[in-house]
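Everything on this sheet refers to the single structure shown next.
Along the sequence shown, residues are numbered consecutively beginning with 1.
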Amino acid sequence: MSSTSPRASVVIPTYNRAEELRATLESLAGQSLPADEFEVIVADDGSSDATAELVRSFASRLTLRYFFQEDRGARAAAARNAGARLAGAPVLVFLDTGTLAGPGFLQGHLAHHTGRDGEAGPKVVIGYTYGYRPFDPTPGLAEAVAELSPEDVHRRYGEDPSFQDCRHPEFASVDFDADALPMPWIMSWTVNLSVTTEDFWRVGGFDETFEGWGVEDLDLGLRLYKAGAGFRVGREAWAIETPHERDPAGNAESVVHNALHLLRKFPEPAVELNWAWFATGDWLVQDNSATLHGRYASLLDWTREAGGLSVRQEIETLIQDVPAGSRVAVFGCGGSLPPSLPDDAVLLDFDERVVAGAAAGGSSHRVRHGLGVRTCLPEQSVDLVVVTSRLRGVWEPYGKLILDEAHRVGRTVRSTCP
């Protein structure tokens, strides 16, 4: 261990990928930041290969810590938290096994956290990751990273579009100002990400109830976003993802489950759309999430346009013959409600002001901030679901999902859309 205090702690979760880990550690040994100014923490999620021996072999080149947890399935959130607990630096940098850090990787991350970018306040730094194209790998990249240094690979491929981070179109659309994206938190992938240790623990670190593959990093990003963190794209903090075999079909069930878990924690329209992105398989067929950003931006536009749109008479007409004692849910309730609505009705609206107004007015109804693409209501928990015309502005992309959800939670569905 170094006798000086590190400026950055790099946390690398790993599982049975000793050779890929070797390449990652080699890249960290080649940092322009002096070796005594950072530490590397390998958080082993139960490997049975030579990972521990490999880590020990770098002890003379890197300031290293090693943590091992029993193999009880994929528990990346728990592994990263365990690594973060061992960290002694004010900045945590999360890097995946098999991701190769460019020589200025750590200096690039630290520049954003030391105020040198001219902006104060908490930040999430999204490191630019070349070659990170899970379903469209860069031709020849696997062979190149096996033979060349990260710097030489970067020099060879340059700005080749096939080498760009798959998030590049979204980054470029806002001139690499991630805060200008409609949903910046969905870009917080821990393949290459940094945050101050203080901010990380202020929001509770990773939620260890996320197990299996995916979404635990989005959950962290969302909580940091709600805590007021700004999001920056660290182009100088670049790394290169080594192409490797993936199991998208095997991961699909896990990621949809975890996206629903996130929605239960944060039941709101943006998180509903994130769930739909995974549940419909869009994440498997599109190179990036530009469509998701676009659809959420359209929802925000529609929310402003539909601000004063009342559906009071519409709701009253649709429930006029409902027997007394029936349980009713309304998707797209609006701010003006008919007195004939049952007191225990469950009401959803995508406009947060409508929800806040109902709460402030002391309504006896259960009014929730939601769109209806996916709710947290139990199956067949109401007798009637009313889907109002307030949802017409999102009907083209999400109408089928909204009706499917209405039929999942209600025994009868009445809709005025499309």
Side-chain angles (χ1 to χ4, degrees), residues 1-2 6-29 31 35 38-59 61-101 105-106 109 124-125 127 129 188-201 203-221 223-224 239 241-242 244 251 254 258:
M1 297 300 298
S2 170
R7 296 173 60 197
S9 297
V10 185
V11 178
I12 307 171
T14 196
Y15 176 73
N16 282 345
R17 296 182 67 197
E19 288 309 306
E20 292 91 339
L21 179 61
R22 182 192 303 278
T24 299
L25 295 179
E26 286 283 359
S27 73
L28 290 170
Q31 290 296 290
F38 68 96
E39 64 181 359
V40 178
I41 303 164
V42 176
D44 192 339
D45 191 18
S47 295
S48 57
D49 62 2
T51 292
E53 292 80 358
L54 171 69
V55 173
R56 283 194 289 270
S57 74
F58 278 84
R61 303 170 61 191
L62 292 167
T63 300
L64 280 165
R65 297 176 187 265
Y66 175 72
F67 169 82
F68 179 89
Q69 66 185 20
E70 181 184 356
D71 181 7
R72 298 207 308 266
R75 295 185 294 143
R80 290 192 185 100
N81 276 352
R85 291 187 191 99
L86 296 176
V91 173
L92 292 171
V93 183
F94 295 99
L95 186 67
D96 273 356
T97 294
T99 305
L100 312 183
F105 168 77
L106 285 173
H109 273 289
V124 177
V125 181
T129 308
S188 56
W189 303 349
T190 42
V191 62
N192 177 0
L193 188 83
S194 69
V195 63
T196 67
T197 305
E198 180 181 4
D199 291 334
F200 177 78
W201 290 120
V203 300
F206 288 98
D207 180 347
E208 297 182 16
T209 62
F210 284 91
E211 297 184 351
W213 188 84
V215 184
E216 79 283 346
D217 46 4
L218 305 189
D219 170 72
L220 175 68
R223 284 180 286 119
L224 286 163
E241 168 77 358
T242 303
H244 59 278
N251 290 335
S254 174
N258 284 348

* Over all heavy atoms of both residues, which pair between Arg223 and Val203 is shortest? Give the atoms and the distance, please. => NH1-O, 2.5 Å

* Asked: Stepwise, does the side chain to side chain contact (heavy atoms under 4.5 Å, CB included) test hold for Glu211 with Glu216?
  -> CA-CA 8 Å; Glu211 297 184 351; Glu216 79 283 346; over 6 Å; no

* Sub-3.5 Å donor-acceptor pair from the side chain of Ser27 to the main-chain atoms of Leu100, do we have one? -> no

* To do: Kindly give the heavy-atom pair with the smallest separation between Ala77 and Asp207, and that separation in Å.
  => CB-O, 3.6 Å

* Gap separating the CD atom of Glu39 from the CG atom of Leu28, nearest 0.5 angstrom -> 12.0 Å

* Any donor-acceptor pair under 3.5 Å linking the side chain of Ser9 with the backbone of Leu92? -> no

* State, to 0.1 Å, how close Ala35 and Arg61 come at their nearest heavy-atom pair, and which atoms those are. => CB-O, 4.2 Å

* Taking the side chain from Arg17 and the backbone from Thr97, do they hold a donor-acceptor pair closer than 3.5 Å? -> yes

* Taking Tyr15 as the fixed residue, which of Asp45, Asp44, Asp71 is the one that meets the side-chain hydrogen bond (donor to acceptor under 3.5 Å, both in side chains) rule? -> Asp71

* Structure fact -> With Val42 as partner, the option from Leu62, Val11, Val10, Val55 fulfilling side chain to side chain contact (heavy atoms under 4.5 Å, CB included) is Val55

* Between Thr197 and Ala89, is there a donor-acceptor pair closer than 3.5 Å when you use the side chain of the first and the backbone of the second? -> yes

* Asked: When you measure from the side chain of Thr190 to the backbone N and O of Ser188, does any donor-acceptor pair fall under 3.5 Å?
  -> no

* Is it true that Arg72 and Glu208 have a side-chain N and a carboxylate O under 4.0 angstrom from each other? -> no

* Can you tell if the side chain of Val195 reaches within under 4.5 Å of the side chain of Val125, non-hydrogen atoms only? -> no

* **Worked verdict on His109 versus Phe38 for side chain to side chain contact (heavy atoms under 4.5 Å, CB included)** => CA-CA 12 Å; His109 273 289; Phe38 68 96; over 6 Å; no

* Non-hydrogen atoms of Ala239 and Leu95 that approach each other most closely -> CB-CD1, 4.5 Å

* Nearest heavy-atom neighbours spanning Asn16 and Thr51 -> N-OG1, 4.5 Å

* To do: Using the six-membered ring wherever Trp is involved, compare the ring planes of Phe94 and Phe200 and label them parallel, tilted or perpendicular (cut-offs 30° and 60°).
  => tilted

* Asked: Got a second to check how far Arg22's CZ is from Leu54's CG, nearest 0.5 Å?
  -> 5.0 Å

* Val93 vs Val91 side-chain heavy atoms within contact, under 4.5 Å -> yes

* Asked: Should Phe67 and Arg85 count as side-chain neighbours, where that means a heavy-atom distance under 4.5 Å?
  -> no

* Asked: Okay, side chain of Arg75, backbone of Gly46: is any donor-acceptor separation there less than 3.5 Å?
  -> no

* Asked: Which atom pair, heavy atoms only, marks the closest approach of Asp217 to Trp189?
  -> OD2-CA, 3.4 Å

* Asked: Do Ile41 and Ile12 come close enough that some side-chain heavy atom pair is under 4.5 Å?
  -> no

* How far does CD of Gln69 sit from CG of Asn81, to the nearest 0.5 angstrom? -> 9.5 Å

* **Asp49 (side chain) donor-acceptor with Ala18 (main chain) under 3.5 angstrom** => yes

* Counting N and O atoms only, with roles assigned by atom type, does the side chain of Gln31 sit under 3.5 Å from a partner on the main chain of Leu106, one being a donor and the other an acceptor? -> yes

* Asked: If we only count heavy atoms from C-beta on, is the Thr99 to Thr242 side-chain gap below 4.5 Å?
  -> no

* What is the distance from atom CG of Asp219 to atom CG of Asn258, rounded to the nearest 0.5 Å? -> 9.5 Å

* Could you check Asp96 against Asn192 for side chain to side chain contact (heavy atoms under 4.5 Å, CB included), going step by step and ending with a plain yes or no? => CA-CA 7 Å; Asp96 273 356; Asn192 177 0; over 6 Å; no

* Mind checking whether Phe68 and Tyr66 have parallel, tilted or perpendicular rings, split at 30° and 60°? -> tilted

